[in-house]
Amino acid sequence: QVQLVESGGGLVQAGDSLRLACAASGRTFSIYGMGWFRQAPGKEREFVAAFSWGGGTTYYADSVKGRSTIAMDNAKSTVYLQMNSLKTENTAVYYCAARVTHGSYYTRGTYRYWGQGAQVTVSS
């Protein structure tokens, strides 16, 4: 089992920056990669960014490319999502997820473990 705990959510204003963190514990040696998804009210959960633990490759949704950076601290088994120039439409619950198999990093179904979610609210 892998446990994921998100932190860093909160209320910010449009144009501000925010950094989310996701700490993994348990059988972390089984993790192939980790990703961030978000779910806005009334919408489907969507892919935001992902990080491959093996090769260090990063993946981003087109909507956040250039404004967000995903990075990992290997020593802490923690993945960070730095989000800049936030917009009101970025308001959502942000979920961290870990995958233990190969497959598309963009697909929600390929992630086995999920965190409890962190609320990010961007006000105008």
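Nothing fancy with the numbering, it's 1 onward along the sequence.
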Roughly how far apart are S25 OG and K76 NZ, rounded to 0.5 Å? 15.0 Å
Going from CG on N84 to CG on L18, what distance comes out if it is rounded to the nearest 0.5 angstrom? 9.5 Å
Less than 3.5 Å apart, any donor N or O on the side chain of T78 or D73 sitting next to an acceptor on the other? no
Can a side-chain donor-acceptor contact be found between R19 and Y80 if the only test is distance below 3.5 angstrom? no
Is L4 linked to W53 within one hydrophobic cluster, defined over Ile, Leu, Val, Met, Phe, Trp and Tyr using a side-chain heavy-atom separation of less than 4.5 Å? yes
Are any side-chain N or O atoms of T91 and backbone N or O atoms of V122, one a donor and one an acceptor, separated by less than 3.5 Å? yes
CD/E44: more than 12 non-hydrogen atoms of other groups inside 6.0 Å: no
What is the ring orientation for Y105 with Y59, classed by angle as parallel under 30°, tilted 30 to 60°, or perpendicular over 60°? parallel
Run the side-chain hydrogen bond (donor to acceptor under 3.5 Å, both in side chains) check on Y94 and R38 step by step: do they pass? CA-CA 4 Å; Y94 284 71; R38 65 187 177 192; 3.1 Å; yes
Rounded distance [0.5 Å steps], CD1 in I70 versus OG in S52: 10.5 Å
Would V2 and S30 count as a side-chain contact (heavy atoms from CB on, under 4.5 Å) if you check the C-alpha gap in whole Å, the side-chain angles of each, and the deciding distance to 0.1 Å? CA-CA 9 Å; V2 173; S30 66; 4.0 Å; yes
If you apply the rule side-chain contact (heavy atoms from CB on, under 4.5 Å), what do you find for S68 with Q82, and how did you get there? CA-CA 5 Å; S68 297; Q82 175 71 40; over 6 Å; no
Tell me whether E6 contacts the main-chain N or O of C96 through its side chain, where contact means a donor paired with an acceptor under 3.5 Å. yes
Value rounded to 0.5 Å, distance of CG in L81 from SG in C22: 10.5 Å
Calculate, to the nearest 0.5 Å, the distance between atoms CD1 and OG belonging to I31 and S77 respectively. 7.0 Å
Are there over 12 heavy-atom neighbours, none belonging to R112, within less than 6.0 Å of that residue's CZ? no
Whether R108 engages the ring of F37 as a cation-pi pair (distance to the six-membered ring centre under 6.0 angstrom, angle to the ring normal within 45°) should be assessed. no
Would you please test Q1 and Y113 for side-chain contact (heavy atoms from CB on, under 4.5 Å) and show each step? CA-CA 8 Å; Q1 294 287 329; Y113 302 102; 3.5 Å; yes
Would you say the side-chain atoms of Q119 and T121 include a donor-acceptor pair closer than 3.5 Å? yes
Check whether the side chains of R67 and S85 place a donor and an acceptor atom closer than 3.5 Å, and report yes or no. no
Examine M72 and W36 and state if one hydrophobic cluster contains both, with Ile, Leu, Val, Met, Phe, Trp and Tyr joined whenever side-chain heavy atoms are less than 4.5 Å apart. yes
Ignoring hydrogens and geometry, is there a side-chain-to-backbone donor-acceptor pair from S104 to Y106 under 3.5 Å? yes
With rounding to the nearest 0.5 Å, note down the distance linking CZ in F51 to OH in Y60. 8.5 Å
At their closest point, which heavy atom of Q39 faces which heavy atom of A92, and how far apart are they? O-CB, 3.4 Å
Audit row: V120, N90, side-chain contact (heavy atoms from CB on, under 4.5 Å) steps and yes/no: CA-CA 8 Å; V120 173; N90 298 142; 5.8 Å; no
Which atom pair, heavy atoms only, marks the closest approach of A50 to Y111? CB-OH, 3.5 Å
Strictly distance-based, threshold 3.5 Å: is any side-chain N or O of R99 a donor or acceptor partner for the main-chain N or O of T101? yes
T110 side-chain N/O to G103 backbone N/O, donor-acceptor pair under 3.5 Å: no
